[in-house]
Amino acid sequence: MKRTHCQPLEQNFYSASTVEVARSLLGKVLVHETEGEVTAGRIVEVEAYLSHGDEACHAARGQTARNAPMFGPAGTAYVYLIYGIHYCFNVVTGKVGEGEAVLIRALEPLLGLQTMFRRRGSDNLKKLTSGPGNLCRAMGINLTHNGHDLRYPPLYIIADNFQTAEIVTTTRIGISSAVNLPLRFYLAHNPYVSRK
DNA sequence: TGGCAGATTTTA
DNA sequence: AAAATCTGCCAA
């Protein structure tokens, strides 16, 4: 019997267009294995950042030391610190040298809830992994994961038998340029989406 | 609901 | 120096 649904997603998954990967990531499960602790959550909200006509994309002004992982192969993790406080976790997409990515904005907690609550220092389930900074803190994602190949532990993405129903498309959150592009996607009616 | 502090990295 | 793909707390 095939059990591919328990294996990390493979290269062909990440090689589709950035918008396709963004939409396909909805409903998939992000897993982080640390010493003795496993946390996992279903991806319920994402944003696509494109290399052409998208001034909000970190890669829009060319490659720098910070955004270098964005120019690597699809399926690489791009993690950066924002506002001096929060980490944001992105999945690199597109061709090598292109500089596209999908920002993971919210998860539905599935595994390791106690660990997540401890890392967050909060007991609010609704906000546990809702928002890009929150989910990184709960999942234990930081700069050590920057550039990591998401096909391998300790940080990877899998598909289970979850069936994605309705996907809502909106403009992106928290940006000051390219504000009208419809590149944010989330699972309709999911309570862990950061905002409607 | 709105305004702001928090505290780091990058170069907008 | 200013800005950055944010969050939580506080006051009204």
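For the numbers below, each heavy atom of this structure counts, side chains included, while hydrogens, waters and symmetry mates do not. Since the structure is predicted, the reported quantities are computational estimates derived from the model, not experimental observations. Residue numbers start from 1 in every chain, and the chains themselves are labelled A, B, ... in the order their sequence lines are given, proteins ahead of strands.
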Q. Could you state the CG-C1' distance from N134(A) to dC9(C), rounded to the nearest angstrom?
A. 14 Å

Q.
Closer than 3.5 angstrom, by distance alone: can the side chain of S130(A) be matched with the main-chain N or O of Y192(A) as a donor-acceptor pair?
A. yes

(Q) Is N67(A) close enough to dT11(B) that one of its side-chain N or O atoms is under 4.0 Å from OP1 or OP2 there? (A) no

(Q) For a quick test of reading the model: is some side-chain N or O of R105(A) closer than 4.0 Å to OP1 or OP2 of dC6(C)? (A) yes

Q: Verify the distance criterion only: is there a donor paired with an acceptor across the side chains of Y156(A) and E33(A) at less than 3.5 Å?
A: yes

Q. Which whole-number value in Å describes the distance from I85(A) CD1 to dG6(B) P?
A. 9 Å

(Q) Tell me the interatomic distance from I175(A), atom CD1, to dC6(C), atom P, rounded to whole angstroms. (A) 9 Å

Q: Give a yes/no on whether any side-chain N or O of S177(A) is located under 4.0 angstrom from OP1 or OP2 of dA12(B).
A: no

Q: Kindly point out which of dT7(C), dA4(C), dT11(B) is positioned nearest to the side chain of T64(A)?
A: dT11(B)

Q) Taking for each residue the nucleotide of DNA chain C with the nearest heavy atom, is it G133(A) or S176(A) whose nucleotide lies nearer the 5' end? A) S176(A)

Q | Under 3.5 Å: donor-acceptor pair, side chain of N146(A), backbone of V79(A) | A | yes

Q: Considering just the side-chain nitrogens and oxygens of R120(A), establish if one lies under 4.0 Å of OP1 or OP2 belonging to dG8(C).
A: yes

**Q.** Candidates dA12(B), dC6(C), dT9(B) - which lies nearest the side chain of R66(A)
**A.** dA12(B)

(Q) With syn defined as a glycosidic angle within 90° of 0 and anti as the rest, where does dA12(B) land? (A) syn

Q. Judged by modelled atom types alone, do E100(A) and T18(A) share a side-chain donor-acceptor pair under 3.5 Å?
A. yes

Q. OP1 or OP2 of dG8(C) less than 4.0 angstrom from a side-chain nitrogen or oxygen of S122(A), does that happen here?
A. no

Q: Sort out the partner of dC9(C) for me: Watson-Crick or G-U wobble, both distances under 3.5 Å, none otherwise.
A: dG3(B)

